[in-house]
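FYI, side chains are in, hydrogens and waters are out, and symmetry mates aren't considered; it's all heavy atoms of this structure. We name chains A, B, ... by the order of the sequence lines, and we start the count at 1 in each one.
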Amino acid sequence: MTKEKLLLLDGNSLAYRAFFALPLLTNDSGIHTNAVYGFTTMLQKILEEEKPTKMLVAFDAGKTTFRHSTYGEYKGGRQKTPPELSEQFPYLRKLLDAYCIKQYELEMYEADDIIGTLSKQAEEQKLQVIVVSGDKDLTQLASDNTTVYITRKGMTDIEKYTPDHIQEKYGLTPEQIIDMKGLMGDASDNIPGVPGVGEKTAIKLLKQYPTIEELYENVEQVSGAKLKEKLTTNEEQAKMSKQLATIDRQSPITITLDELVYDGPNVDELFSLWQDLSFKSLIEKSEFQSEATTTKELTFSILEDVSAEQLQDAMAVHIELADEHYHTCDRFGIALVDDKQAYYIPYDKAMASISLKEWLEDASKQKFMVDSKAAQAALLRDGIKLAGVEFDMLLAAYIVNPAIPSDDVATISKEFGYTDVLSNDNVYGKGAKKATPAIEAVAEHACRKANAVFSLQPKLEQLLRENEQFELYKQLELPLAAILSEMESEGITVDRERLVEMGHDLTTKLKTIEEDIYSIAGQAFNINSPKQLGVILFEKLGLPVIKKTKTGYSTAADVLEKLEPEHEIIRHILQYRQLGKLQSTYIEGLLKEIHEEDQKIHTRFQQALTSTGRLSSTDPNLQNIPVRLEEGRKIRQAFVPSNPEWLLFAADYSQIELRVLAHMCGDENLINAFQNGLDIHTNTAMNVFHVAEEEVTSDMRRAAKAVNFGIVYGISDYGLSQNLDITRKEAADFIERYFASFPGVQDYMKNIVEEAKQQGYVTTMLNRRRYLPDLKSSNFNLRSFAERTAMNTPIQGSAADIIKKAMIDMAAALKEQNLQTKMLLQVHDELIFEAPKEEIAILEKLVPEVMGKAFELNVPLRADFAFGPTWYDTK
DNA sequence: CTGGCCTGT
DNA sequence: CCTGGACAGGCCAGT
């Protein structure tokens, strides 16, 4: 029989630790779960590594303990437990029940004492003991048979205290930890100790006199008059502190070691609790996942060809792809599923099947899919124009809740209660372990995905209708997916030589700047390392530290700009950063993405990712190509039409977010400004500074512009003060005057937060939703963040709704008028086309008109445009 | 793999 | 008393 191993956990301390270490997560019904989650991940890890045979979680019993009779102020002045944590204790108890782990608490005693008593008993029986806590006090229990694990940040990072480790770290024995605490006290438990004695002094003293008692016997010999005086005047207090810090290893517990046998969790109970708590990553990672999630048999067949009879009028279709890069990756095969059958056809066989290809292009055959954009783009590589997409589970789920954490079919399905499908990571592995399994496994996986789509379609459509979001989904997002896949597949041509040339130029310039920096600094170092740079600037050159990060000195641009007058090195570093970014991200990064066969870049627009409804762009990101600074803007010279005779044409909405705000809040002043076509920032300046138009200085306009941005982002005085480099008071004053001039905006901001708190979510003009459980948080940061989000999301999201609508209208107009013009990119408030020269005149009228009419607001929507031989010239 | 930094709207 | 701008993606260094 293997040696018995006893695991003792300090329930309260670990729950506290987890609560403060992790952000305030919530499950689907809005219950906070971060403490339970952190506890669980820690527990999982320890169970796996230690495989204990006996376990117990000890809790503190009540407010008063025997220590209070020694010292009434014990643990006094403590913040009361935040309600977000208290509410989690019942779940923690349930969790431990599901694990079948014994729990224990004892009147008048703390968890420490229970653990101390049991560990002593266990040691006497020669058991191996592991104590787990977030509280370093417990390290006094370390011995040859007992190791104390203290969790560090993130809960799964553990420091193991053996007597050796304690010796190394403090130069003390475990027992002396008590003396150390007696001397230095403990603010969190309100143990006084000796005022003025901290960790360093305590250790120094204890190395000379091993205990507090011996120290006081020899107190006359202590060096340092001040220290000696502090010690003598606080003798009683020191001894009492030691007493308080001492764990009672003889507490009158009524539980015995024999009762602590641990035999593994109740898997079903644990799994269902994890589901209730929305512990999705744990469910995916866990070993019992496979048996718990795919219990149902699925019968499917792998076909060489498909007959017309096998293709129904409505089926779930899934194109199984090797990875997310659908413009280039391997395509494994196609799954076809309905309520009666499930087929899988390897991709090459599918492409050889005329009946299947016809069916895919037949708009009267309904396809239920997940990520139809990817499927359409993947098929377009073989010239197949997918038609008849009736349902897209990815988009439907995203509309129901944009916060779903992943686009994996398994994740989405589980979100809606369907578990009969594995995750991609599970089937293919991830990271270095990624590999393609046998065809049968791929076929089954693809069929299960299609089956999930087929099963969930009615439920999701019903949810969309209940939320009055069906139209948003069906009339906006679904048709947009088809348009985006065409834009991506079309791609944008890039002048490789131009980029290479700019790259050479940059290399030379960077070299020069680098040498300048080294010679000023007097040494070579890695300028790209914030850590090394920090040492040079703030230690070697002694520049003042303006801001710190978690890990050291901040060297961010706003900090460096403040330091610019202090030292000539700064401007070189700023220049180096700027050019280095261009080189690595935009020259080298873009070159890597050019497809050899067509000299084009094919980005992927993520349509189901942002929490506001915006698109994003990856591999590469074409929504953040430099424009602000001239050096960077030149990158745009490399973006050209696919035909040298054509031109690029760009149109962007003017102030779309502020117009949306004007529409939604109905503020008369703001509406008038737009209706009269005023310069909106100048107008704001006139109102805020109470001056006439001709009196508005450029500084006033700049400040007003920052205020307008602040309004859109969900204003805070602090944010504005940072932006304008003014005091918080001044910023608050600006905001107040803004609200006085635009009272409708103020009302809107107040009401939207209130409304969001009531119903739990905010909506956009087209009924896109975002849930904001943190509005009720007692954590100031989280709550403030949620409040700003409540103000910002309807604005940003409605603007996103509008441009999406414009894209659909634009695609229809181009088709209807039989134009050759191609829509290529969307950059949030901007659309980019390529067009033959002879169509430019048409676009000049058509594009602003379509964009302007995309949505009717109570202010005009205006789109400006420009065109030229490169993207750079569309300004 | 995370954090710092920088790019865009 | 202090907290702290909205939404994204990519690169690099350092763990």
- Query: Per the atom types in the model, does the base of C:dG4 pair as donor or acceptor with the side chain of A:Arg728 at under 3.5 Å?
  - Reply: yes
- Message: Would you measure the distance from the C1' atom in C:dC2 across to the matching atom in B:dC6 and give it in whole Å?
- Response: 28 Å
- Message: Within the structure provided, determine whether A:Asp558 and A:Asp725 are in side-chain contact (heavy-atom separation under 4.5 Å).
- Response: no
- Step by step, would you call A:Tyr738 with A:Phe742 a ring-ring contact (aromatic ring centres under 6.0 Å, His included)? CA-CA 6 Å; A:Tyr738 179 93; A:Phe742 302 97; 4.6 Å; yes
- Message: For A:Ala706 and A:Asn528, find the nucleotide of DNA chain C closest to each by heavy atoms; which residue's nucleotide sits nearer the 5' end?
- Response: A:Ala706
- Item | Donor + acceptor pair across side chains of A:Asn708, A:Thr684 (<3.5 Å) | yes
- Message: As a check on the pairing definition, encode DNA chain C in dot-bracket form, counting Watson-Crick and G-U wobble pairs whose two distances are under 3.5 Å, and using | for partners outside this strand.
- Response: .....|||||||||.
- Message: Can a side-chain donor-acceptor contact be found between A:Ser616 and A:Arg604 if the only test is distance below 3.5 angstrom?
- Response: no
- Partner residues of A:Gln607 under the side chain to side chain donor-acceptor pair (under 3.5 Å) criterion, sequence neighbours left out: A:Glu477
- Query: Is there a stack between A:Tyr713 and C:dA6, judged by ring centres under 5.5 Å and planes under 30°?
  - Reply: yes
- Within 45° of the axis and under 6.0 Å from the centre of the six-membered ring of A:Tyr872, does NZ or CZ of A:Lys875 qualify? yes
- When only distance counts, do a donor and an acceptor, one from the side chain of A:Arg614 and one from the base of B:dT9, lie under 3.5 Å apart? yes
- Task: Please check if any side-chain donor atom of A:Glu488 sits under 3.5 Å from a side-chain acceptor atom of A:Thr603, or the reverse.
- Result: no
- Note on the structure: Between A:Asn781 and A:Thr793, the residue closer to the 5' end of DNA chain C by nearest nucleotide is A:Asn781
- Message: Under 4.0 Å, heavy atoms only, any strand: does A:Gly714 hit a base, just the sugar-phosphate, or nothing?
- Response: nothing
- Message: Using a strict heavy-atom distance below 4.0 Å, which residues from residues 648-664 of chain A are in contact with DNA chain B?
- Response: none
- Query: Relative to A:Tyr653, does A:Arg862 satisfy both conditions: NZ or CZ under 6.0 angstrom from the six-membered ring centre, and within 45 degrees of the ring's axis?
  - Reply: no
- Query: Looking at A:Tyr761, is A:Arg769 sitting on its ring face, NZ or CZ under 6.0 Å from the six-membered ring centre and within 45 degrees of the normal?
  - Reply: yes
- Task: For nucleotides B:dT7 and C:dG4, find the distance between their C1' atoms and express it as a whole number of Å.
- Result: 22 Å
- Task: Please state how far atom CD in A:Gln606 lies from atom C1' in C:dC7, giving the value in whole angstrom units.
- Result: 14 Å
